[in-house]
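One structure below.
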2 protein chains.
Amino acid sequence: MGWVQVSDGEQVYDKYAYEPFAVTVDLAVLTLRAGALHVLLVERGQEPYAGQWALPGGFVRPDESAETAARRELAEETGLSDVSGLHLEQLRTYSEPGRDPRMRVVSVAFAALLPDPPPDFVRGDPALASPEPRGGSDAAQARWTPYDSARPLAFDHDRILADAHERVGAKLEYTSLATAFCPPEFTLGELQRVYEAVWGTALDRPNFRRKVLATPGFVEAVPGAARLTGGRGKPAALYRAGAATALQPPLLRPSREGRPT
Amino acid sequence: MGWVQVSDGEQVYDKYAYEPFAVTVDLAVLTLRAGALHVLLVERGQEPYAGQWALPGGFVRPDESAETAARRELAEETGLSDVSGLHLEQLRTYSEPGRDPRMRVVSVAFAALLPDPPPDFVRGDPALASPEPRGGSDAAQARWTPYDSARPLAFDHDRILADAHERVGAKLEYTSLATAFCPPEFTLGELQRVYEAVWGTALDRPNFRRKVLATPGFVEAVPGAARLTGGRGKPAALYRAGAATALQPPLLRPSREGRPT
DNA sequence: CCAAAAGTGTTGATAGTACACCCATGA
DNA sequence: TCATGGGTGTACTATCAACACTTTTGG
């Protein structure tokens, strides 16, 4: 940490010399519902920004890493009993002095990805969460909101949400991250809908299929299994997430602008 | 920040209820010297890890963002009078309890990139740094170290340095970041050496040249200017960094393994 | 039989690689 | 004139996008 570089050397060992920093985590929890990207939001019950929607989050406790705190909050907010398999990714840290009007808050932001039909979650499952959430104020609501109608959010959460979207979109290109949006067994059509929802573009189905299958370790076939997706049509073969984490070759999104010449 | 989600609601407004977190920044300052990637290290003068090398860094002050603190530290450590144009990029935050044996430290890591012939920097230029660095202990040394012989470092800095290298290597592919390693006017050969040093691979010169020039906004020619690079050979045309920040199309590094079939 | 969704084949354009080759300069 | 580094041309090949076509299911 470059401890020795601190110019105000005398204050290094006085833990209470400065007004302390609060360290929190903020979560952009994303999923697909009916083919559209959704984000988990909570309604604030207190000032500032009372009544507005915000990303879920909370304090990092003294014995936790930011990652541990984020996973704990994820379990509390979604009510899922097992969040250990879910993808959780650190985005960046937001530390501007005035982010929160009450005190100095440094927030580590995470993106979390949930499989397609997320169980209609229960907020603050008593079996998991601490005894009594929040003191006197109104109970905060939580709900899934379509990504496009999420804004405006409280604090600097518009920016955090945009950063989460951008990061996830970029990682779909060169990692197998898309499978984190899918249930354990999924069809290639479902996988394609993940790409289309996050990127906001339509993809050519035959070419998508070929690219996915040509990428070693991306998906592996479940022998003999098949499932009807839309009630009609040919049943689709099922696949599981493969061992690869990086895609070689990458699955690049169509470029917005034409190339020169 | 999801303030309302905190389960221990009563403690939200008691700033001193917990032992406070210290928030620091750590810097992986990278440059090219004689065609090889180097990193700026400081020698620790105090326990823990006294006598070992570490990444430079320091505390975030109450009125600073992590970015501001990182830029201040960068100026202090390099002795450069103007660091405003240098590339500074947040990597991620390291928050495991126990990173530092003395107290709870949450560290925001940054990568900084300096142009090729970095002025032989002076540590702690009095005109810039705070009056008297560090209390009683030995003065810490600082020096440029080849990337490959930098380890082992103190704390978890080996990992931070590896993360910095990986991030920079990836960003060379799809951003114009490589120009941040170059002086204001540079030759395509110099630019190519940036890629080769960071990626650790040789590139085909004619093809590299074509790709760079075919990417709109990557570089722009300085009309009529030329410079001898190695004392011998044809003088090379000079270029400046272009307006583009993202490369379209990207400049992909050669894949390690062959493709199937 | 029709609609809908899955899956296969083909083809023309493009981009990338691996070279061979020429140019300008210092010693 | 040779060594060194800059700059250009070219041909082979792998890749990719676009779209026609076949298959299998429910109504």
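In what follows, chains are A, B, ... by sequence order, proteins preceding strands, each numbered from 1. Quick note: numbers below take in every heavy atom, side chains included, and nothing from hydrogens, waters or symmetry partners.
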query = Which letter, B, S or -, goes with each nucleotide of nucleotides 17-27 of chain C from 5' to 3', with contact meaning a protein heavy atom under 4.0 Å?
reply = BBBB--BBBS-

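Residues passing the side chain to side chain contact (heavy atoms under 4.5 Å, CB included) test with B:E196, sequence neighbours excluded: B:Q192, B:R193, B:A202, B:L203. B:R71 pairs by the salt bridge (charged side-chain N to carboxylate O under 4.0 Å, His left out) definition with nothing, not counting sequence neighbours.
To the nearest angstrom, C1' of D:dG7 lies 16 Å from CD of B:E190. Computed from coordinates, the B:L203 CG to D:dG6 C1' distance equals 16 Å when rounded to whole Å. Atom-to-atom, CZ of B:F208 to C1' of D:dT8 comes out at 17 Å; the value is rounded to the nearest Å. Here the P atom of nucleotide D:dG26 and the CZ atom of A:R227 are 15 Å apart, to the nearest Å. The CG atom of B:L247 sits 12 Å away from the P atom of C:dG16 (whole-angstrom rounding). Taking atom CZ of A:R209 as the reference point, atom P of D:dA20 lies 19 Å away to the nearest angstrom.
The salt bridge (Lys or Arg N to Asp or Glu O under 4.0 Å) pairs that include a residue from residues 204-220 of chain B are B:E220-B:R240, where partners are two or more places apart or lie in different chains. For residues 221-245 of chain A, there are no ring-ring contact (aromatic ring centres under 6.0 Å, His included) pairs, not counting sequence neighbours. Applying the salt bridge (Lys or Arg N to Asp or Glu O under 4.0 Å) test to every pair with at least one member in residues 173-183 of chain A, sequence neighbours left out, gives these pairs: A:E173-A:R253.
As judged by a 4.0 angstrom heavy-atom cut-off over every strand, A:A237 is placed among residues touching the sugar-phosphate backbone only.
A salt bridge does not link B:R227 with B:E185: none of the charged nitrogens is closer than 4.0 Å to a carboxylate oxygen.
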